[in-house]
Amino acid sequence: MAAASARALAAAVSALLAAAVLLASPSPVAAEEGCTRRPVVFAFGDSNTDTGGTAAALGSYLPLPEGRTHFRRSTGRLCDGRLVIDYLCESLNMSYLSPYMEALGSDFGDGANFAIAGSGTLPRDRPFALHVQVQQFTHFKQRSLQLIAHGEKAPVDAEGFRNALYLIDIGQNDLSAAFSIGLTYDHVVHHRIPSMLSEIQDAIVTLFYDGAKNFWVHGTGPLGCLPQKLAELRNDADGDLDDSGCLRTLNNASHELNNQLSSVCHKLTSQLKGATIVYTDVLSIKYDLIANHSGYGFEEPLMACCGYGGPPYNYNVNVSCLDPGYRVCEDGAKFVSWDGVHYTDAANAVVAAKILSAEFSTPSVPFGYFCKT
């Protein structure tokens, strides 16, 4: 990218980080994006969006260094700090989304997070696949409206559900698993991806006919740039590396998934009258971050901050972050990858800033459109 563009983006990221400090205790009152009503967000997805659902569901505990940045405590996030969804919520001056599975201390007034680490689209009835997450939302909504009908209080009312934003970010685990079990590229592209997209389409259609009208859909990131995948590299696969050191075949599959997902969103926009479905090209955002990492202030684009094995990837499938013997870097802000699969707080800040620019979204609308119209 041009040097001037890189400097401008870096300045935007710095501004976002500065705003984040001021928003350490987010207010439920929308201001930054000029919302005319209280924003409500419901999120569905995997560990890239999970703000603690898995920890609550399984009773697991993720100690420091998970959460060491910004929160300075365990939060159940697979990250040293904030996820992209956290930064997006900060942009609207709203609270971080509470995990649906968290029984204590949750505040669902600004929405709920149904995302669970490890989730995918298939098999559709396995906890906690996208289909199951949508069913959980349906239960949440029905129960809320029942309480209101009986004169009791509920965190979100009918208007809140109707005007809310429904964010979907899922597919990375499906794609990763398909290649891990040895499926060929052609099989993944022509059979597995269409099945995945059928589930995402079904989720959008189900939510739409349940009253949702605002959707924000993220494409998957560059699978071939994850230290987890690069650490599996065999000698005969060296020729698959591109100029950025990423695996072409896996990234091509990510592109295919996203191209088809974009088409699904476009088709549904014309079919579901009154719905706004925004598709965001997260792959382009994340790949640019890796390919031009130094322009964003990062030193290590392909090595995990927290892991085992040292350079070049610091990832070992048998000794992951928090496992006995793991090593963690001193400054996560110099690394794009936190643990070989998930991004650092600093990298997520860059991704969120680009999402908020609307430059990578189709249609190109601001993230806060749903609370202004």
Side-chain angles (χ1 to χ4, degrees), residues 25-31 33 35-46 49-59 75-77 83 85-86 88-90 92-117 119 124-170 202-216 272 274-276 367-373:
S25 299
S27 165
V29 180
E33 285 287 336
C35 287
T36 57
R37 57 171 169 265
R38 182 173 183 167
V40 175
V41 177
F42 294 105
F44 307 85
D46 52 32
T49 305
D50 183 356
T51 53
T54 301
L58 301 181
T75 67
R77 292 165 172 79
L83 307 178
I85 186 66
D86 296 317
L88 296 180
C89 287
E90 284 184 358
L92 299 177
N93 200 16
M94 60 182 283
S95 299
Y96 299 133
L97 294 182
S98 293
Y100 172 70
M101 301 297 292
E102 181 57 73
L104 299 177
S106 293
D107 180 358
F108 298 122
D110 290 332
N113 192 349
F114 298 88
I116 294 287
S119 295
R124 74 188 319 247
D125 292 317
R126 175 183 296 172
F128 292 92
L130 178 59
H131 173 67
V132 174
Q133 293 179 29
V134 172
Q135 287 182 310
Q136 289 178 315
F137 165 78
T138 300
H139 175 80
F140 178 86
K141 179 179 179 180
Q142 290 176 343
R143 183 61 179 147
S144 297
L145 298 183
Q146 286 173 356
L147 289 172
I148 293 173
H150 287 86
E152 300 182 49
K153 291 183 178 180
V156 181
D157 59 14
E159 182 180 2
F161 284 110
R162 182 169 56 253
N163 294 320
L165 181 70
Y166 295 79
L167 185 150
I168 298 175
D169 186 340
I170 202 163
D202 180 73
I204 294 173
V205 170
T206 298
L207 291 168
F208 174 79
Y209 284 110
D210 195 33
K213 62 179 181 178
N214 301 307
F215 298 90
W216 195 275
L272 306 179
T276 299
F367 180 70
Y369 80 94
F370 69 100
C371 58
K372 300 181 197 178
T373 56

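- Summarising the geometry of L92 relative to C371, their closest heavy-atom pair is CD2-SG, 4.4 Å, with the distance given to 0.1 Å.
- Minimum interatomic distance between D110 and L97 (heavy atoms only, all atoms of both residues): O-CD2, 3.6 Å.
- A distance of 11.5 Å separates CG of D169 from CG of D50, quoted to the nearest 0.5 Å.
- To the nearest 0.5 Å, atoms SG (C89) and CZ (F367) are separated by 6.5 Å.
- Considering every non-hydrogen atom in both F215 and A275, the closest pair reads CE1-CB, 4.4 Å.
- At distances below 3.5 Å, at least one donor-acceptor pair connects side-chain atoms of H150 with backbone N or O atoms of Q146.
- Atom CD1 of I168 is separated from atom CG of L130 by 5.5 Å, given to the nearest 0.5 angstrom.
- Residues forming a side chain to side chain contact (heavy atoms under 4.5 Å, CB included) with Q142 (at least two apart in sequence, or on another chain): T138.
- Side chains of E90 and Y96 form a contact here, defined as non-hydrogen atoms less than 4.5 Å apart.
- D210 has its side chain out of reach of V134: every pair of non-hydrogen atoms, C-beta onward, lies at least 4.5 Å apart.
- One N or O on the side chain of T54 and one on the backbone of A117 form a donor-acceptor pair closer than 3.5 Å.
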Full working for side chain to side chain contact (heavy atoms under 4.5 Å, CB included) between D202 and T206 | CA-CA 6 Å; D202 180 73; T206 298; 3.8 Å; yes

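- A donor-acceptor pair under 3.5 Å links the side-chain atoms of N113 to the main chain of T49, judged by distance alone.
- Rounding to the nearest 0.5 Å gives a distance of 12.5 Å between CD of E159 and CZ of R38.
- Aromatic ring orientation, F114 versus F44: parallel (interplanar angle below 30°, classes split at 30° and 60°).
- Atom OH of Y166 sits about 13.0 Å away from atom CD1 of I204, to the nearest 0.5 Å.
- Minimum heavy-atom separation, L207 to F137: CD2-CD2, 3.5 Å.
- Remark: T36 OG1 to K372 NZ distance equals 9.0 Å, nearest 0.5 Å.
- The two residues F161 and V156 come nearest to each other via the heavy atoms CE1-O, 3.3 Å.
- Checked by atom type and distance alone, the side chain of N214 pairs as donor or acceptor with a backbone atom of N163 at under 3.5 Å.
- Between F128 and Q136, the closest heavy-atom pair is CE2-NE2, 3.6 Å.
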Check the pair L88 / L167 against side chain to side chain contact (heavy atoms under 4.5 Å, CB included), numbers first and verdict last.
-> CA-CA 11 Å; L88 296 180; L167 185 150; 4.1 Å; yes

Working for side chain to side chain contact (heavy atoms under 4.5 Å, CB included), residues W216 and F370 | CA-CA 10 Å; W216 195 275; F370 69 100; over 6 Å; no

